[in-house]
Amino acid sequence: MRALTLAWIGYALAILYASLIPFDLQPLAPAEALARLADIGWLTLTPGRRADWIANLLLYLPWAALGMAASAPRLGTTRAALLVALAATLLALGIEALQVYFPPRTVSLNDPVAELLGTALGVLLWTLVGHRLARLGARLRHPGAGAVDAALGLFLLAYLGFVLFPFDLVLGVDEILDKAAAGRLGWLWAPVSDQGAVWALARSLAEILTALPLGILLARHRRGPGTHAAAVVLGLALGLAIELVQVLLVSGVSQGVSVLTRALGAGLGAGLVITLRGLAPATRAALPRHARWASLALLGPYLLLLVELQLGGLPTPDRWRNPETILTDLQQLRFLPFYYHYYSSESGALVSLVLNLGLYGMAGVLLVPWTSDRWGAYTWGGWVAVIVGGGLAFAVEGLRLVMGLGVDPTNVWVGGGGAWIGWGVVRARWVRDGRG
């Protein structure tokens, strides 16, 4: 319970931090501050503001559920709900009061209403399914088939939440027509997705990989000749459902090819389980010995993909700027963590964060076979992953500065964290299987 309590407090501090960026403090006389607070009103929820409003609601939902998980076992459900509601009220109203002193933060009644609604939904969610989520968490802490199933199930839930974020539902046919005019809808390929062949390949690959767990989960619990076909059908159903919901989201992009890639991913996941299940025990036991060679073979394509996605191609000298311009831009950089995320939409900031975590997380995955020897390399392997991921991100951001592309120093921290997460997830499974 102590860990959950600390996580709940840490989450609240993260909300406070995110709510006050860019920390441009403008002192005000108490009378003027009170006058501005008394003049707070409602903002019209345009499509863009609607997404931000829902994002605020969703920000408080898991925080409230976490607070219930930390306090309900000791206080009981009713007292815990009152404690969480009081804490959310103080946090939400306190942040609105503080934002008066931190322009350009927008102060309105919309935000605390969204945050208190999110708190209420979080309390309700924990009351209805909290015990099930607790059992899933307990299964994750104990090696075995149950932990694998729990991890796959939680990943699919998180994935659905990510692809549908920020849940900004359209409010009329006109908004759907506006989406179509903006190129966000396509029977096969949405025009807005046309960012080049490499980006299209990366997007399709990401959709395939994120659908793998669906097929793996199905194949782990079903045997027989129809398993592979069932996984493909399930992937088609999932992809179709997601794309149909995307039509009803203001920020959503809906395209038919994404239905096919998710079906392919689910089929490949089931095929992987079926193939491994059919291998002889000796052959299966020999597979990990080839992991280092496999990681080396994948290193080149991974670096090329990283360079293409982050730099738009190789950083040839003809793309470099003169040193004076580079130095001027460097002096103007803001190194405050997540500073530049504030100037993006919530959904855009989340996509950027997840993209970078995934890209640099692959570096951590490739490091696992090289930090798993008999001399206890796992005691320092996590630090190696952080250094490698952070170093790659530092090099990429440095090249972006030289080439005149947008630079975000926060990505160095994200790169190190992503590599550590990727290394830790795969390493945990590696150790459980006795491969270290």
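The residues of the chain are indexed from 1 along the displayed sequence.
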Residue pair Leu234, Leu238: steps toward the side chain to side chain contact (heavy atoms under 4.5 Å, CB included) verdict
CA-CA 6 Å; Leu234 190 59; Leu238 175 68; 5.8 Å; no

Check step by step if side chain to side chain contact (heavy atoms under 4.5 Å, CB included) holds for Leu125 and Leu121.
CA-CA 6 Å; Leu125 176 69; Leu121 290 175; over 6 Å; no

Please test Val396 against Asn411 for side chain to side chain contact (heavy atoms under 4.5 Å, CB included), starting from the C-alpha separation and ending with a verdict.
CA-CA 9 Å; Val396 165; Asn411 286 337; over 6 Å; no

Intermediate values then yes/no, side chain to side chain contact (heavy atoms under 4.5 Å, CB included), Leu392 and Tyr360:
CA-CA 8 Å; Leu392 277 174; Tyr360 295 110; 4.0 Å; yes

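Annotation: the span from Leu201 atom CG to Glu308 atom CD amounts to 10.0 Å, rounded to 0.5 Å. One finds the CE atom of Met403 at 9.0 Å from the CG atom of Leu314 (value rounded to the nearest 0.5 Å). The CG atom of Leu248 sits 7.5 Å away from the NZ atom of Lys179 when rounded to the nearest 0.5 Å. To the nearest 0.5 Å, the span separating CG on Leu185 from CD1 on Ile176 amounts to 8.0 Å. Note that CD1 of Ile95 is 3.5 Å distant from OG of Ser19, once rounded to the nearest 0.5 Å. Rounded to the nearest 0.5 angstrom, Ile242 CD1 and Leu249 CG are separated by 11.0 Å.
Leu217 places none of its side-chain heavy atoms less than 4.5 Å from the side chain of Phe155. Residues Trp370 and Leu296 form a side-chain contact, since some pair of their non-hydrogen atoms from C-beta on lies under 4.5 Å apart. Contact of the Asp329 side chain with the Gln332 side chain is registered, since non-hydrogen atoms from C-beta on lie closer than 4.5 Å. Contact annotation: the side chain of Arg321 never approaches that of Val402 to less than 4.5 Å [non-hydrogen atoms, C-beta and beyond]. Using a 4.5 Å cut-off on side-chain heavy atoms (C-beta onward), Trp8 and Val84 make contact. Side-chain contact between Pro62 and Tyr11 is present, with at least one heavy-atom pair separated by less than 4.5 Å.
Screening residues 56-65 for side-chain hydrogen bond (donor to acceptor under 3.5 Å, both in side chains), with sequence neighbours left out, gives Asn56-Asp111. Sequence neighbours left out, not one pair with a member in residues 406-422 passes salt bridge (Lys or Arg N to Asp or Glu O under 4.0 Å). Within the structure, side-chain hydrogen bond (donor to acceptor under 3.5 Å, both in side chains) pairs that include any residue of residues 222-249 comprise Glu243-Arg262 (at least two apart or interchain).
Across every non-hydrogen atom of Ala266 and Ala231, the tightest pair is CB-O, 3.3 Å. Minimum heavy-atom separation, Arg220 to Val273: N-CG1, 4.4 Å. Among all heavy-atom pairs drawn from Gly313 and Val307, the shortest one is O-CG1, 3.4 Å. Heavy atoms only, all atoms of each residue included: Trp126 and Ala65 are closest at CD1-O, 3.5 Å. Ser254 approaches Ala190 most closely through the heavy-atom pair O-CB, 4.0 Å. Across every non-hydrogen atom of Ala69 and Pro73, the tightest pair is O-CD, 3.4 Å.
By the neighbour-count criterion of 12 heavy atoms within 6.0 Å, atom CZ of Phe102 is densely surrounded, having more than that number from other residues, nucleotides or ligands.
Judged purely by atom type and a 3.5 angstrom limit, Arg400 has no side-chain atom pairing as donor or acceptor with the backbone of Val407. Between the side chain of Gln310 and the main chain of Leu306, no donor-acceptor pair closer than 3.5 Å is present. Side chain of Trp320 to backbone of Pro315: a donor-acceptor contact under 3.5 angstrom is found. Formation of a donor-acceptor pair under 3.5 Å by the Ser352 side chain with backbone atoms of Ala349 is not found in this model. Between the side chain of Arg334 and the backbone N or O of Tyr340, no donor-acceptor pair lies under 3.5 Å.
In this view, Thr89 satisfies the side chain to side chain donor-acceptor pair (under 3.5 Å) rule with no residue, not counting sequence neighbours. Annotation: ring-ring contact (aromatic ring centres under 6.0 Å, His included) contacts of Tyr339 (sequence neighbours excluded): Tyr343. Partners of Phe23 according to the ring-ring contact (aromatic ring centres under 6.0 Å, His included) rule, which considers only residues two or more places apart in sequence or in another chain, are Tyr17. Residues forming a ring-ring contact (aromatic ring centres under 6.0 Å, His included) with Tyr342 (at least two apart in sequence, or on another chain): none. Residues passing the salt bridge (Lys or Arg N to Asp or Glu O under 4.0 Å) test with Arg203 are Glu207, sequence neighbours excluded. With sequence neighbours excluded, the residues that form a side chain to side chain contact (heavy atoms under 4.5 Å, CB included) with Ile54 are Arg50, Leu58, Phe167, Asp168. Residues that satisfy the ring-ring contact (aromatic ring centres under 6.0 Å, His included) test with Trp420, not counting sequence neighbours, are absent from this structure. A search for salt bridge (Lys or Arg N to Asp or Glu O under 4.0 Å) contacts involving Asp178 returns nothing, not counting sequence neighbours. Shown here are the side chain to side chain contact (heavy atoms under 4.5 Å, CB included) partners of Trp189, two or more places apart in sequence or in another chain: Ser193, Asp194, Ala200, Gln255, Val257.
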